Each structure stands twice: as structure tokens, then as C-alpha cells.
Amino acid sequence: MSILKISDFSLELTTGSQACLLDAVSLSVEEGETVGLVGESGSGKSLTARAALGLLPGRTRISGSVVLDGTDVFSAGPSQVLALRRSTASMVFQDPRSGINPMRSIGDYLTESLILCNKWSKADASQRALELLRSVGLPRPEAHLAQFPHELSGGMLQRVMIAGALSTSPRLLICDEPTTSLDVTTQAEIIGVLTEQQAQHGMGMLFITHDLNLASALCDRIYVLNAGTVVEHGGVQEVFTNPQSAYTQQLVAATPSVFTRTVSVINPTRSAAALRPAPEPESARPAVMLEARSLSKTYYVKGNPPLVAVNNVTLAVPRGDALAVVGESGSGKSTLARMIVGLEQADAGDILVAGVSRAAHSRTRAERLDRARTVQIVFQDPYLSLDPRIIAGAAVEDALRLHNKLSHAQSRSQVLALFDQVGLGEKHANARPRTLSGGQRQRVAIARALAVGPEVLVLDEATSALDVSVQAQVLEVVQEIRRKRGLTLLFISHDLAVVRKVCETTMVMRRGDIVEHGQTKNLLENPQHPYTQLLLDSIPRPEWELDQPEVPLAPNTSSAQIIGA
Amino acid sequence: MNIFKLVARKLGTLLVTVFAASLLVFFSRALVPGDPVAFLLRGRKPSPEAIAEVTKQFGLDKPMWQQYIDWLGNLFHGDLGRSLQFRQDVTTVLADRLPVTLGLVVLAGVLIAILGLAAGIIAALNRGRTADRAILIAMTGLGAIPSFVGAIVLIAVFAVQLGWFPSYGSGDGFADGIFHLILPSIALALTFVALVARVTRSSMLDQLEREHVEVATSRGLPRSRVVLRHVLRNATGPILTVSGVLVAGLLVASSIVEQAFGLAGIGSLLVQSVDRLDFPVVQAIVLLIVIIFVLVNTIVDLLAPLIDPRVAAGAAAR
């Protein structure tokens, strides 16, 4: 018997728009099996997972059934539902920072359901909490019990959340994007803990993710969800290597991979050569567009040891090239970007853009504008970087008019030209950010950055908040613009797979230091530094690709080619 | 060690604030029109000798700064000066009236805490439903009623029409005193109940949407436990902060309510003393209110790290 069986489950909002959020979703999870539920944001994956525990938003109409361990969750009485949540299934949420009450101790989190629901004694519950913390590999279980969430790192906290989910020995573990907010090396560790615990307890696992690489590495079977409908399901290799539905094909194609795939999911009709930047005559290339010399930045926080965010970093990017700065959180990559744009002052060292020193703080308005004309930045979250009250077109127009004396009609036509370059139209220019999708907003942010015609564009994790298919589109826009304008790119990212698609050269940073620097292709295929190797090893890969040797890229293809989405 | 440091620093800030307030309170007298000596001599046509004598008797002949230093020095001996209107020590005048005001404020505080929290919690847990709407409307209405109007309505209904409560005076003895304070404390509490209810509601709603509440629910905790352990507990911060600020409002509003109910408290004394240019009393009362206000807010600040460990961490780092 399946531990979880969802049949023809539909969910509709009863208020306002009458939107159908889930449409006849059916899936099952057997004991000891890992089932992946993949899809992009808004596909209904989290709703489906929460439905298994009877956690539904208010004002909805449902039909179909969700049967957890033989009990129909929706026809069961409240006490039965509580019993199911207590002993049959538990859930690991995406962000442990918001999922664990910040005002209560780790010990309280681990023992509360044991003491309050299962009537354990305090001593027994603490004992169990210690065992759990040990089993998820936390270093000092006794000390952790008395600690509060803010004292632990994200990875440690996610282990705590897993320990909490395991505290009542559930038979089904539902994981809702449990590693999405974590660094790749931490992700690998957490996945290790999850699979180990699953094997030990023989639990069924429903694993929700937007990351196809992760799903392919972890799951036995997979369901692909799109707009509330299961569009495809089956064995994981079958679905990924031979996707049947158009949506899955598109999703697989849009997913960047560090490793070249043995299966051709890339549209073969688009030749790589046609997309490569047009070769420029050698003489037209002035050597260096962006240069940093021995750049350093240290933050002093009272009561803490000084934090060296960037330590003696030197880099040079030739005009028209793209340099990727890769690192995990806290590596100093964003501080580096902010110093180059002038949002942060370097303690030491020099920044040269087009041969002009830009390290000094801009004092006058003219200096500030001058600097802004040379370097522009696109931030990670377009939901935050655009003013919600200003229509998209006006946001770009403001930047234009700040720098140039333009008539209204002139600036308007330039705005439309810019929107056209990033693949947007007039109706987007008249829309407020709220009504635009994440991808469209990020395009607006790019258009705004391009408005003043900068020579260097800094993208600080500019695509990491986007869905894969949207990310692919935005990356394509970036490549297109690069080719047309000869733009120099500094691409800050944590995602090696995206970097492979975009940048010629890559720099790996760790705790403020550059640990490795070189051609992207060489660096990814033949990493020298152990940290780079660790980063690469941490990237999830499907089992069936592990046995095969990595296929090197054909020598005539540039790593900067765009993969058609 | 950190907690001692924190307490010490808070106490230091408290002293500085009170000192600054004492300066302000004392020298503000220079800005007020009117001559206290004229009041003391009650409009009689005084002889220059009489004026000189009264001026000397109350130390008004010395320069302002000298007067301030004398006043401050006497403060440390518990001597607040002499009241011009009562011809008594200010301490005696205050001691007579302080219990009434304290009783009024404490009773009102209890009412505010119980009614405000209850209304806010019920509204938050029934968000969007009839109970929530009814409470919201009622609170908007209450918040709009000035305390003197509330006082008049309460007197008209419960004292005059129904005759349940006395409408005037402070009563004799403890029980009778409390009995006399019931209507006034309700009149005083009304506006502040609305304020606390609103803050409680919005703070709870903010927490109810948090993911850790959903996590607690997903672990099979009963609703009541989730609300108590994860919602209410986390929502206390803003409620406490508002309560601290509210104390000043209570003290000030008490003067109106005392006047309406004919209570001989600090509030009505303040109004009366301002009216009669009785500066020593005014200075003493204002300083007292400042000290109570700063003290309450210092206590709130010291409670914050006990409620939220992140505040404690932030304070330790500073």
C-alpha cells in the first residue's frame, strides 16, 4: 500500500478570480521510495505537498482525495489529522531561518512536539533531541540545545529542521525545496543527511524542487507539474533523457548543466557558431576594460573579529569579455561587485574602468554621473530593485534624463528602443512592476542599467531568483546585448552551470580570496584548487551520468555560446 | 556580565534623561508669562516691602541658575520646595494625592491589558470574519472618544441613571476608594484599549503568517498551543513597546478624568497649579511624570532581550 496516494486532487480558490490552482493531480509515494515533484514557481508543488498534511489555505474548494497511510486527510476528523501530522508524515520546509521560531531555543524546537503531543518526559525528550542532532551530523549537540536559531548557520539550521521532522519517526518525509536557500556545498551535505536518514528508517520521501539536476540525482520517480497539472511522470532517467511532453522538454533544455550532457537536449538546429560574438579585429580590442588592483575591504563590527570581505583581489577583464566571479555566500563576491560599482569604498587598492581610476569616492554630482556612465549594476531581486509605485518605463526614463538633456519625446523613444532590446514592448513600459513577472522585471532592470550606455555591466546574481526557463531567456537577452554593444560583463554568481553558459573566464572566490582563476572551460573541466573541486563535486548529477566519462566540449565551441531555450 | 553592562548602560541613560528633563522643566518657568509673587499676594495692592519679603521667602530674588542649583540640591534631600498656593511642602501636597492617581492609572492599566489584549487576540484569530469586523469597528469608535466625553457618558448612564457607581469624589478607605475609581478608570482606559487592541491584532496577524507557525501546525501541535507558544509569544515585542509609550498618555489623560470625576489626584493638581502659577508643584509633578515614563520605558527595553534572544545578541555585539 502506498504511504501517500493523491488521486484527482483539484483545488480552486473560491474568492475573486476563481483560479484553479491544482487540476486533477494524482501521485503516489511508496515506502522507502524517493519521489520528486518538480515544476517552476506557481506550478502548485508546495500546495500539493501541504495538502498531504491537510495544510490548505483558506477559502478554497477541493475535490478528489489525499490518502495518507490509509486515512483520507480531508474526511478525517481533526484529531485524526493531528495524529497523522504527529506520527505518520512530517515536512522539511525551504527556509529554516523562517521555519524555526527565532525566539525559541533549538532544544525547544526539537522537543516541543514530543513533550506536548506525545507526552514524553522532559528528560526523555532532551535525550532524543541529542540523538537526533547527532544523527544529522551537528558538531556539539549538547551546546546546540540551548542555542537560538540566529546563532547557527543556514546549513546547520536546516539540519536542525530535519532532526525536528525526524523526531517522531515519520513514515513519510515531505521536503519542500529543503536546499534552495543553501550553498551548493551545504546542499550536498544536507542531501547526504536526507538520503542517509531515509535509508535508515525506510521512509517514503516526497521531494519538491525546481532544480532538475538535484531531482535527477536524488529521485527514483518523478512528477513534473505545470500550472497545477501533472504533465509527465515516470522513472527519473526516462523522464529526463526522453521527455515526452513539450513542457518537460523545454524545462530540461533550459536547465543549465556544468557537465555536458550525454543526451542531446540542446536544440541541435541552432549552430553554436552563429551565436558566438562576432570576432573583432585584433587591433580594435584595447587590452583591458575593467581592472582591479590589490583590492581589499574589511568590515569592523563591534564585538566581532574584523571580517575581511575582500582580500587583495586583482583582476582584469578585456573589453567585451565576460568574467564570472563564483563563490558561496560570504565569499566576498558581492562586496567586490559593490566596490566596482562604487556602492562601497575599498580600503586599499585601485579600480580602473577604461583606464580611469575609480577607487576614490565620487564627491561631486558630475563625478557621480560620470562614474555611473561607465559601470552599471543589475541586482538579484527585481522585486526589490524596482520602485513599485513607478511604472517600468518611467524607471528607465528617469535614468536617461538624469544623464542626458532630452526632450520628453526623445527619452520616450529611447526607452522604447531599450525595452525592445530586452525583448519587452510598449505595454510593459506602461505597466507597474507589480503586474510584471519576475523575468520581465529583471529585463526592465537590465534596460535601466543599459539606459546610460555603460561600458561595464555588473550582474550580481541577476538570474538566481528566476525560474530556469525565465533564466534562460534573460541570459539570452544578456548575450544578445553583449554581442550588439560589445559590453564588458562582470557576472557574479553561485551557479557554476550558469557561468559555463555565459562567461569566458571564471574566478573562484572563497572568504575574500581568489582561489582559482582561468578559462571557464579549463577551470570546470580540470579544477586545480581543492575548493573548486569541492564546488564541482557538490553539484548534483544524475546517477546515469556518473558512470560515464565527461564528454569534453568540442574544441571549436566557445563556452560562451548560448544554449537555445 | 553582558546583562549587567546592559542594565548599567540603561540606568546611565535614564539619569541623563532625567537630568535633561529637570533643566527643561525648571527653566521653562522663565517662558511662562505672569509673576508668581503677584499671585501670592492675591491681587491686593502690595507694599514694596511685602513684595520683597515674599520674594525673599520663596528664594525668587536669586538668579535663575542659583535657584536651579538650590532646587536640585534640595531634590536630593527629598525636599521639593514649598507650594505657593497651599503654603505647604510640595512633598506633603503630592503624598496626599499620589495614591488616588496611582490607583486610577493601575486600575486603568489592568483594564487596558485585559480588554485590549483579549479584543486584539480574538480579532486576529478570526481575521476577516464577523467577530474581527465588529471588534475593529468598536475599537475605531472607542479610539475616537475623548476621555472627557467618555467620562460624561459613563457618569450619565452608570451614576445618574442606574445609580450603580458614585459619580464624584475619592471615597474613604481602600475598598471604597477602589469603588470610586471604577468609573474613572474605565473612562481613562477606553481610548487606550483601542490602541492596544489594534497593535495586538496587527502584531499577531504578522506572526500568524510566518512560516514557523505553519511548521508548528504541520508537526501536529494543537491550534491553542501554536497560538500560545508561537504566535502570542512572538507578538509581545510591539505590544510591550506601545505599552511603554502609553504610560505617559495615561498620566496626562488622568488629569482630565480626575477633573471630570472630582478626584483629588496628581492630574487635577497639575491643572490647578498651572492655573495658579504654582511653579514648585508643577515642576515636581512634571519631573515625576518624566521619571515614571523613562523608568517604564527602561523596563520595557530591559524586557526586550528576554523576549527576543536576537535583541540580546544585538545588544551584546554593540
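Quick caveat, the model's predicted, so the values are computed rather than measured. Labels below follow one simple rule: chain letters A, B, ... track the order of the sequence lines, proteins then strands, and each chain is numbered from 1.
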Under a 4.5 Å cut-off applied to non-hydrogen side-chain atoms, are B/Asn234 and A/Asn101 in contact?
yes
Quick one: do B/Thr217 and A/Arg85 satisfy side chain to side chain contact (heavy atoms under 4.5 Å, CB included)? Show the steps, please.
CA-CA 8 Å; B/Thr217 311; A/Arg85 289 177 188 162; 3.4 Å; yes
Tell me which of these, B/Glu214, B/His212, B/Arg223, B/Gln207, has more heavy-atom pairs under 4.5 Å with chain A than the rest.
B/His212
Supply the atom-to-atom distance A/Leu84 CG to B/Ser218 OG, rounded to the nearest 0.5 angstrom.
12.5 Å
So which residue, A/Cys117, A/Ser79, A/Ser90, A/Pro102, ends up with the most heavy-atom pairs under 4.5 Å with chain B?
A/Pro102
Checking salt bridge (charged side-chain N to carboxylate O under 4.0 Å, His left out) for the pair A/Glu112/B/Arg219: CA distance, chi angles, key distance, verdict?
CA-CA 9 Å; A/Glu112 75 171 350; B/Arg219 305 175 87 194; 3.3 Å; yes
Measure from the side-chain N and O atoms of B/Arg233 to the backbone N and O of A/Met103, and report whether any donor-acceptor pair falls under 3.5 Å.
yes
In terms of heavy-atom proximity below 4.5 Å to chain B, should A/Leu53 be classed as side chain, backbone, both, or neither?
side chain
Please flag which part of A/Ser105 lies under 4.5 Å from any non-hydrogen atom of chain B: side chain, backbone, both or neither.
neither
Residue, of A/Ile174, A/Val92, A/Asp108, A/Val81, that accumulates the most heavy atom pairs under 4.5 Å with chain B:
A/Asp108
Looking only at non-hydrogen atoms, find the nearest pair between B/Glu211 and A/Asp95 and report the distance.
OE2-O, 3.7 Å
Any side-chain heavy atom of A/Phe148 within less than 4.5 Å of one from B/Arg310?
no
Which atoms of A/Ser113 come close to chain B, meaning under 4.5 Å heavy atom to heavy atom: side chain ones, backbone ones, both, or neither?
both
Taking CZ in A/Arg97 as the centre, count heavy atoms belonging to other residues, nucleotides or ligands within less than 6.0 Å. Is the count above 12?
yes
Need one label for B/Arg229: side chain, backbone, both or neither, based on atoms under 4.5 Å from any heavy atom in chain A.
both
